[in-house]
Protein chains: 2
Amino acid sequence: MRILVAEDDDRIAETLVSALSKAGFAVDRERDGESAWYRGDSENFDAVVLDLGLPQMDGLTILKRWRSAGRTVPVLILTARGQWEERVDGIEAGADDYVVKPFHVLEIIARLRALVRRASGHASSRIMFGPYQLDMRTMQVSADGLPIELTPQEFKLIAYMVHHRGRVVSQLEITEHIYSQDYERDSNAVEVLVGRVRKRLGKDVIKTRRGFGYTLGDGF
Amino acid sequence: MRILVAEDDDRIAETLVSALSKAGFAVDRERDGESAWYRGDSENFDAVVLDLGLPQMDGLTILKRWRSAGRTVPVLILTARGQWEERVDGIEAGADDYVVKPFHVLEIIARLRALVRRASGHASSRIMFGPYQLDMRTMQVSADGLPIELTPQEFKLIAYMVHHRGRVVSQLEITEHIYSQDYERDSNAVEVLVGRVRKRLGKDVIKTRRGFGYTLGDGF
DNA sequence: GGTAATTTGTCAGTGAATTGTCAGCTGGAT
DNA sequence: ATCCAGCTGACAATTCACTGACAAATTACC
């Protein structure tokens with residue numbers, strides 16, 4: 001899951017970036033409004049954390065521009081305490097949720113997960129696929145209630161696949177969504193990762209579409 | 001779909017060529033402005049990725065020359081971050097879209113697909129033909145929602161045919177658009193490929209116009 | 001803060017699916 | 001009937017993905 005954090009305050013931004021990374025998101029950060037707008041406009045993030053008071057272009061403007069350009073990416077607004085008018089404006093401009101500063105990072109994480117989940121059409125934080133259950137909250141996969149040990153990367157991969165079930169996901173797409181920033185293009189890290197997930201969940205969970213990418217296997 | 005990448009920076013160019021090839025495009029690359037101009041002027045590409053800062057002849061000049069010579073090929077401009085003026089100039093010179101460096105390749109791919117789609121007069125990335133549906137975004141062909149497994153080359157062929165339905169497409173044209181420059185002229189690879197697609201989608205999808213080429217069959 | 005354990009990425013070798021080539025065949029146009 | 005563009009099945013070459021072993025990086029633990 002790839003998240004854009006648009007926040008000019010370095011301290012806050014670093015807290016967020018580090019917490020979100022640990023929570024398993026791939027995080028990119030922008031410090032000014034114009035850059036934030038451009039990246040949200042041109043790239044596919046799974047969600048955006050947007051501070052309203054950004055230099056160069058303020059958060060509300062950014063959000064309105066995205067929405068009028070048809071960008072539906074879930075947006076979580078950060079707003080200063082007591083500025084309830086801002087909240088209203090934000091929601092009207094198309095924000096999906098908001099959090100008041102100072103905030104608890106855990107709350108941000110929980111809300112982001114909820115947003116991503118809703119955006120991909122799943123209501124609960126637990127998603128079934130085949131005999132397995134994926135719990136986004138605890139980052140665990142289980143079969144019949146028995147937890148299966150997955151490493152963080154393995155979990156990210158299967159979670160991304162489950163969120164995009166029903167279509168083919170290219171290696172490039174996987175790389176960009178489970179790793180931050182750019183990555184070595186000629187690496188077989190994704191193939192190895194797929195192999196490891198298969199070893200844990202059975203070789204049919206992920207099906208190879210040679211030349212295109214991968215899909216969740218039939219029945220998952 | 002054949003793409004010309006006009007970019008002098010080797011690292012960027014290689015990233016692009018490799019990613020675009022994997023995404024199913026046939027890619028040719030030129031490193032200087034004059035060669036780029038010549039190839040775009042004399043060959044039929046489905047789209048061009050044009051860096052503005054090319055040696056010998058800069059991107060804007062190339063673009064203006066093409067346009068004044070009546071070349072309508074979709075052009076995606078690569079521009080350095082913050083050069084908003086360039087972007088405006090580019091659009092005035094006839095660019096169809098622009099992307100700021102540094103970019104994410106997924107974005108380039110998405111925008112190129114959109115350009116090609118619009119150029120062939122289709123609004124959506126999903127195109128119906130007969131009982132089938134072609135989805136350029138997920139690179140899948142399906143019948144009644146059930147995906148049909150095609151190999152990459154097979155997909156490229158049927159995609160090209162569907163984009164150019166209603167007219168006869170010569171073997172040479174097919175070769176030029178689904179393979180990169182180094183193709184054998186006296187090979188029956190296209191015939192074999194057509195045969196394989198017919199085997200998967202039914203032998204009437206592609207109709208032979210003996211001596212001229214192929215068309216989508218009646219009702220497709 | 002340093003060391004052990006775990007996770008993750010790289011590499012080289014292997015295996016399998018895709019694609020191109022070839023040779024012989026088919027069938028439509030004249 | 002003949003000719004030749006196009007078709008087809010078999011095979012070879014190529015490309016792409018998988019695997020196991022090792023190295024690097026990250027995390028956990030004292």
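Residue numbers start from 1 in every chain, and the chains themselves are labelled A, B, ... in the order their sequence lines are given, proteins ahead of strands.
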Geometric class of the A:Phe220/A:Phe129 ring pair [parallel <30°, tilted 30-60°, perpendicular >60°]: tilted
Atom-to-atom span, [atom1] of [X] to [atom2] of [N] - whole angstrom:
| X | N | atom1 | atom2 | result |
| --- | --- | --- | --- | --- |
| A:Leu157 | C:dT8 | CG | P | 11 Å |
| A:Lys207 | D:dC18 | NZ | C1' | 18 Å |
| A:Lys156 | C:dG9 | NZ | C1' | 14 Å |
| B:Phe155 | D:dC16 | CZ | P | 17 Å |
| A:Met139 | D:dT27 | CE | C1' | 14 Å |
| A:Lys203 | D:dT19 | NZ | C1' | 15 Å |
| A:Leu193 | C:dT10 | CG | P | 12 Å |
| A:Lys22 | D:dT27 | NZ | C1' | 11 Å |

Carboxylate-amine/guanidinium contact B:Arg111 B:Asp96, below 4.0 Å: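 No, B:Arg111 and B:Asp96 are not salt-bridged.
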Letter per nucleotide, 5' to 3', of nucleotides 2-8 of chain D [B base touched, S only sugar-phosphate touched, - untouched; heavy atoms, 4.0 Å]: --BBBBB
Presence of donor-acceptor pair under 3.5 Å, side chain of B:Arg196 and base of C:dG20: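 Result: at least one qualifying N/O pair found.
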Between the first and last five pairs of the helix from C:dG1-D:dC30 to C:dT30-D:dA1, the angle of the axes, rounded to 10 degrees: 40°
Pairwise 5' ranking along DNA chain C for B:Arg200 and B:Ala189, keeping only the more 5' one: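 Looking at the nearest nucleotide for each, B:Arg200 comes out on the 5' side.
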Chi angles and distances behind the side chain to side chain contact (heavy atoms under 4.5 Å, CB included) call for B:Arg39, B:Phe45: CA-CA 9 Å; B:Arg39 295 205 61 192; B:Phe45 289 95; 4.1 Å; yes
Under the side-chain contact (heavy atoms from CB on, under 4.5 Å) test, residues paired with B:Arg209 that sit two or more places apart: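 Testing B:Arg209 for side-chain contact (heavy atoms from CB on, under 4.5 Å), a comparison that skips the adjacent residues, returns B:Val168, B:Phe212, B:Thr215.
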Short side-chain N/O contact to C:dT8 OP1/OP2 from A:Tyr179, under 4.0 Å: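 Looking at the OP1 and OP2 atoms of C:dT8, neither is under 4.0 Å from any side-chain N or O of A:Tyr179.
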Phosphate OP1/OP2 of C:dT10: any A:Ser187 side-chain N/O under 4.0 Å: yes
Chi angles and distances behind the side chain to side chain contact (heavy atoms under 4.5 Å, CB included) call for A:Tyr214, A:His164: CA-CA 11 Å; A:Tyr214 301 93; A:His164 295 89; over 6 Å; no
B:Tyr38-B:Glu30 side chain donor-acceptor pair, cut-off 3.5 Å: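 The criterion, which ignores hydrogens and geometry beyond distance, is not satisfied for B:Glu30 and B:Tyr38.
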Any A:Arg196 side-chain heavy atom under 4.5 Å of A:Gln153 side chain: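 Answer no - side chains too far apart.
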A:Phe103 side chain reached by A:Leu16 side chain, heavy atoms, under 4.5 Å: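 The answer is yes, as the side chains (C-beta and beyond) meet within the 4.5 Å cut-off.
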Any donor-acceptor pair under 3.5 Å from B:Asp28 side chain to B:Leu4 backbone: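 It does not hold such a pair.
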